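Read through the structure below, which is laid out as structure tokens, and then see the notes.
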Amino acid sequence: MGLFSFGKKKAAQIHEDVEITEEEGKEASPEGSFWNRGDFVFEIQRVLPYKEQGSALIGRVHSGELLPDVKLSYTDKNGRAIFNCTVGSIEQNGIKAKKASACQFGLYGPTFTLIIPDFAPNAFVEKNFLYQKALEGEISPILEAFERCRLSRERESQICSQIEAKMEEGAENDYSVQEMIFALTHIRDMGNISKSQGEEQNTWKETSTALYQKMLEKLRKLDKVYLTIDKNTNYPFLNNGFVDVYTREEYAQLAVLFYQEQFRELEVRAMPVLGAELLKQEEGKPLAAQLPAFVLLYYLGMENILLDDGLYRVALSRGDVLPPPDHKGKPEIAIPVTNPALRRRILDFFGEARWKVNYEKRAAVLQAKEHAMLAEVARAKLLIPMKYEGAAQPAPGMHQIVFDKDTKLMFAAIKNTAGETFTPVFTDFLELGKMYQPKDWGAAVISILDAIRINKGEGIAINPAGENLILKEKAIAALTEIMEQQKRQREAEEAAAQEPRTEG
């Protein structure tokens with residue numbers, strides 16, 4: 001049997017293994033919607049060969065969930081059984097998965113690869129299905145919550161019909177953000193179908209671009225959104241470079257339930273969508289938690305967002321919703337100090353280090369994230385609280401102060417419960433303001449090397465009222481080595497740039 005062959009022996013086995021009768025297939029196919037919510041339904045979108053005579057089926061799970069090594073039915077578009085087959089293993093983005101589920105969080109969503117080891121690729125047709133009926137009482141709590149959250153099948157069908165009929169201008173104004181995301185997903189699918197058939201795709205691209213902008217407008221007008229907060233950091237949960245933002249609280253609660261299976265401890269926090277001003281601080285709540293959501297994400301360097309992750313979701317940039325401040329033309333001294341890249345690296349490291357799991361290569365992952373964090377510390381411009389006694393003059397034409405040589409400079413110091421003393425430094429004025437007020441303290445812009453030289457205690461504390469990254473002797477030694485490496489790299493780049501070029 002060749003790689004793509006579908007021999008007589010296997011064809012005979014098809015008829016012997018079928019468990020859904022032709023009559024059952026007909027009854028299960030009202031107007032093409034042959035499954036009930038909770039049944040496992042996998043739509044085949046691409047068929048590839050697997051090893052000598054197997055198949056790798058890439059597609060989307062529309063409903064239910066499936067474990068490996070389970071027998072299920074291969075059906076046509078109307079749900080009529082063709083033959084039964086067994087899924088050998090399940091993969092997502094080349095990595096083995098424990099199960100395939102319609103409720104799947106992350107960038108790839110419910111898109112999986114199902115390995116069918118006993119049937120060649122020409123046994124399958126794209127747009128057909130793999131199907132398994134759910135037994136009564138076997139739907140998991142996560143799937144039950146997912147089904148309560150998702151759009152009804154009637155509403156999904158209505159939106160699809162409107163899109164395919166080239167809906168009138170403004171018809172989408174009545175859509176919720178989640179309905180717009182579903183519409184964008186369907187438009188993408190229609191564009192892919194057009195591409196595979198060699199048809200013009202520009203119309204679908206234009207429709208998608210216009211609807212995406214209208215979705216952003218509707219998102220900006222929401223009173224609030226919901227973020228999942230990692231209890232180990234008290235900041236938004238960062239997962240593989242993305243942060244989840246939800247338009248409804250029940251969507252975010254679904255995420256909490258989903259990530260419990262991965263031993264993530266999350267909670268839901270409602271936040272205003274936009275706003276440039278700080279809100280009035282409520283007693284007992286951290287100031288950063290009261291910032292408008294997309295302002296907070298800007299300061300934290302969380303640029304990649306999955307909106308309504310776990311349902312029909314869309315990946316977007318935070319800057320699409322709230323562009324960063326425009327400092328073009330301003331002198332460097334007038335640009336506020338912010339360190340979004342550093343804050344993201346700190347939270348990424350802490351989230352991983354405090355995750356109560358163990359897995360292969362965990363030590364290597366932690367080491368890489370720690371190194372990336374320290375590399376950002378080495379590059380950062382930080383704020384240190386200071387006071388002075390003596391004379392000082394503003395520098396001509398610049399927004400900074402020049403101190404007389406006899407002026408005495410005093411820098412802040414803090415102590416922990418063990419009595420250890422640290423020099424506090426801050427990534428931005430929001431973090432500085434949590435502990436030091438402008439009427440009492442000034443602030444100087446320094447490098448981490450300056451902070452090390454100033455420090456008279458046990459170490460450096462970065463954002464002590466926030467992330468509270470503590471740098472003691474070992475961390476400072478590692479940081480010093482990284483700064484030396486960065487210096488050598490800069491010198492090498494400068495030397496290379498000065499070398500004369502010869503024309504060939």
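All values derive from a computational prediction rather than experimental measurement.
Contacts of Tyr246 classified as side-chain hydrogen bond (donor to acceptor under 3.5 Å, both in side chains), with partners at least two apart in sequence or in another chain: Asp244. For Ile414, the side chain to side chain contact (heavy atoms under 4.5 Å, CB included) criterion is met by Phe422, Pro424, Met435, Tyr436, Ala461, Pro464, not counting sequence neighbours. Listed by chain and residue number, Arg379, Ile482, Gln486 satisfy the side chain to side chain contact (heavy atoms under 4.5 Å, CB included) test with Ala375 (two or more places apart in sequence, or in another chain). Remark: Phe237 pairs with Tyr259 by the ring-ring contact (aromatic ring centres under 6.0 Å, His included) rule, at least two apart or across chains. With sequence neighbours left out, Lys356 forms a side-chain hydrogen bond (donor to acceptor under 3.5 Å, both in side chains) with Glu265. Every residue was checked against the side-chain hydrogen bond (donor to acceptor under 3.5 Å, both in side chains) condition with Glu267, not counting sequence neighbours, and none meets it. Checked against side chain to side chain contact (heavy atoms under 4.5 Å, CB included), Gln489 has the following partners two or more places apart in sequence or in another chain: Glu493. Listed by chain and number, the residues in a side chain to side chain contact (heavy atoms under 4.5 Å, CB included) with Arg354 are Asn232, Thr233, Phe350 (sequence neighbours excluded).
Applying the ring-ring contact (aromatic ring centres under 6.0 Å, His included) definition to pairs two or more places apart or across chains, those involving residues 291-319 are Phe182-Tyr312. Residue pairs meeting the salt bridge (Lys or Arg N to Asp or Glu O under 4.0 Å) criterion with at least one partner in residues 217-240, sequence neighbours excluded, do not occur; the list is empty. Among residue pairs with one or both ends in residues 294-310, those qualifying as salt bridge (Lys or Arg N to Asp or Glu O under 4.0 Å) are Glu303-Arg318; sequence neighbours excluded.
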Compile the donor-acceptor pairs under 3.5 Å between side chains in residues 101-109 and protein atoms, sequence neighbours left out, one pair per line.
unit_1 : atom_1 : unit_2 : atom_2 : d
Ser101 : OG     : Cys103 : N      : 3.1
Ser101 : OG     : Cys103 : O      : 3.4
Tyr108 : OH     : Asn93  : OD1    : 3.3
Tyr108 : OH     : Asn93  : ND2    : 3.0

